[in-house]
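Worksheet: the structure to be examined is printed underneath.
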2 protein chains.
Amino acid sequence: MTIANSLSTDDRSTNTASTDSAGSAAQRDRRKRILDATYELAKDGGFDAVQMRAVAERADVALGTLYRYFPSKIHLLVSALDREFEDAQVKLKAREIPGDTPGDRVLYVLKRLTRGMQGDPKLTEALTRAFMFADASVANEIHAVGMSMTSIVTHAMHGTVPDSEAITDEDIVLARVIGDVWLSALMAWVTGRSSAPETAQHMETAVRLILR
Amino acid sequence: MTIANSLSTDDRSTNTASTDSAGSAAQRDRRKRILDATYELAKDGGFDAVQMRAVAERADVALGTLYRYFPSKIHLLVSALDREFEDAQVKLKAREIPGDTPGDRVLYVLKRLTRGMQGDPKLTEALTRAFMFADASVANEIHAVGMSMTSIVTHAMHGTVPDSEAITDEDIVLARVIGDVWLSALMAWVTGRSSAPETAQHMETAVRLILR
DNA sequence: CCCATAATAGGAACACGTTCTACGTTCTGA
DNA sequence: TCAGAACGTAGAACGTGTTCCTATTATGGG
């Protein structure tokens, strides 16, 4: 599998069985209830408020069941992040992205994403910190998120949903570097080291620099 | 204070009292013992092995004292990271950096740093994950680390220890973006998503791109 | 329908970060 | 010198992530 091909969405099937698609309706239902509960708790109280007992209770499953579906709090939160990114990706692919240059389009998308996340600071704090804290055992979930992000950025660079063949190695490199910067900027914002405008400014400068 | 000026090392005095310089000899001694114990435990067993009771015991202080010096495990580990970076910075400033272009010099420094960290995977895992997990309460310590990193990169760009005035805003932007990429690459390596050669390659590509 | 197996509920138990209490020791300033 | 503050020790106690155990309930094949 080439790197470029690895961007097509259906490659997600190479992940662990813990992702969607597999299992009975009841199982899909439980998984959804758990992720919904996680989302709500995170949105209201951030990382600390996502307590496993609270998630289990709100999702109406036993604690052991929660751990059967998600082997740790970090897996749970990164999976929630993954779902958010999937949603964002679908929404973004639904229509053309405004902007005349790749830089304009990428900035449009990143700023839209960033504004969305900054509108839900607690949720963002919870998901971002989980993503950052993840260790090697969460590699699959993290990889999925990285894939979504790269896909979003390459999509923005091209302006339309690109064919797998139209994505060059150069595109991937650019998208990854932009993703790196975006993540660091988000982290600086989450930890209170930079304000929202500063975050936007840093991203603007960096993207202009990378896509110059 | 301008951004460029904020790079001079003695600005560290604007931090909380928990950093060096202040306190009696006994206090400096305790602080050093604690950081040494943290270093050793992290080096041997990574993040999970740095247990507060174990650190206290090895440093020969009471648990409460440990918490008096470092208000949380994350503060402790990020402070240890800060000490490592300070050391690296001093060593790097001791002599000229080889390389004909800023890109060459930056890559020389980054690869040296990265090799050093990859030679101590457990230690790197512990320090990196703490850095990533940090929340707003650790902003001071995180900021200090970011400062060291920016300083190291600008130093490498110039080839010699630069005067404060010689550092332009452009330099800072470049250094920050490079720092972002370096951090993300390190994180990908720590979480096992990319191998050491891949990490080096990604850094190489990104730095060439940014400093082109 | 019945059995074997897996999945779930409910909750106790454990580990480690963090806080708190009680008491001794050291420093400081009048 | 002495009172009081700050610091230190020892260890109990608490909260939350994680594991484990047992009984009960789906589920799917014969």
Side-chain angles (χ1 to χ4, degrees), chain A residues 17-18 22-34 37-38 41-42 44-80 125-127 129-138 141, chain B residues 16-18 22-34 37-38 41-42 44-80 125-127 129-130 132-138 141:
Chain A
S18 71
S24 69
Q27 282 171 337
R28 250 173 295 130
D29 211 56
R30 278 204 173 76
R31 187 182 155 85
K32 179 176 184 316
R33 285 210 310 274
I34 292 172
T38 304
L41 288 168
D44 287 350
F47 187 87
D48 291 339
V50 181
Q51 301 187 355
M52 299 306 268
R53 291 173 180 83
V55 171
E57 187 174 2
R58 186 180 285 232
D60 203 33
V61 300
L63 190 56
T65 306
L66 172 53
Y67 274 93
R68 169 184 293 274
Y69 280 80
F70 300 95
S72 79
K73 174 170 174 171
I74 300 297
H75 284 83
L76 173 60
L77 282 165
V78 176
S79 297
E125 183 249 10
L127 301 183
R129 284 182 65 207
F131 184 82
M132 298 295 194
F133 189 57
D135 69 357
S137 73
V138 204
E141 286 81 356
Chain B
T16 65
S18 72
S24 69
Q27 281 172 336
R28 251 174 293 128
D29 211 54
R30 279 204 173 77
R31 188 182 153 85
K32 178 176 185 317
R33 286 210 310 276
I34 291 172
T38 304
L41 288 168
D44 287 350
F47 187 88
D48 291 340
V50 180
Q51 301 186 355
M52 299 306 268
R53 290 173 180 85
V55 171
E57 187 174 3
R58 185 179 285 232
D60 203 35
V61 298
L63 190 56
T65 306
L66 172 53
Y67 273 93
R68 169 184 293 276
Y69 280 79
F70 300 95
S72 80
K73 174 170 172 171
I74 301 296
H75 284 83
L76 173 60
L77 282 166
V78 175
S79 297
E125 184 249 8
L127 300 184
R129 285 182 64 206
M132 298 293 193
F133 188 56
D135 68 358
S137 74
V138 203
E141 287 80 355

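Below, chains carry the letters A, B, ... as their sequence lines are ordered, and counting in each starts from 1. The structure presented is a predicted model; accordingly, all values stated were derived computationally and were not measured. Hydrogens, waters and symmetry mates play no part in the numbers below; they use all other heavy atoms, side chains included.
In terms of heavy atoms, A:A130 sits closest to A:I74 at O-CG2, 3.6 Å.
First and last contacts of DNA chain D with chain A, using any nucleotide atom under 4.0 Å from a protein heavy atom and ordered 5' to 3', fall at D:dT16 to D:dT19.
Between the CG atom in A:L66 and the CG atom in A:L76 there is a gap of 6.0 Å [rounded to 0.5 Å]. The distance from the CD atom of A:E141 to the CZ atom of A:F131 is 11.0 Å, given to the nearest 0.5 Å.
Nucleic acid contact class of B:R30 (heavy atoms, under 4.0 Å, all strands): sugar-phosphate only.
To the nearest angstrom, P of C:dA7 lies 16 Å from CG of A:L66.
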For nucleotides 14-16 of chain C, tabulate all protein N/O to nucleotide N/O atom pairs closer than 3.5 Å, reporting atom names and distance.
| from | atom 1 | to | atom 2 | distance (Å) |
| --- | --- | --- | --- | --- |
| C:dC16 | OP1 | B:Q51 | NE2 | 3.0 |

Tabulated below should be each protein N or O lying under 3.5 Å from an N or O of nucleotides 24-26 of chain C; please produce it.
none

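Within the 4.5 Å cutoff, side-chain heavy atoms of A:F47 are placed close to those of A:L77. Counting heavy atoms from C-beta on, the side chains of A:Y69 and A:H75 never come closer than 4.5 Å. Side-chain atoms of A:F70 and A:R31, non-hydrogen and from C-beta on, do get closer than 4.5 Å to each other.
Put simply, A:Y69 has a side-chain N or O that comes within less than 4.0 Å of OP1 or OP2 on C:dT8.
For A:R129, the side-chain hydrogen bond (donor to acceptor under 3.5 Å, both in side chains) partners two or more places apart in sequence, or in a different chain, are A:E125. Legend: residues meeting side-chain hydrogen bond (donor to acceptor under 3.5 Å, both in side chains) with A:T65, ordered by chain and number and at least two apart, are absent.
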Show me the donor-acceptor pairs within less than 3.5 Å that the side chains of residues 50-63 of chain A make with the rest of the protein, sequence neighbours left out.
| from | atom 1 | to | atom 2 | distance (Å) |
| --- | --- | --- | --- | --- |
| A:Q51 | NE2 | A:D48 | O | 3.4 |
| A:R58 | NH1 | A:E40 | OE1 | 2.7 |

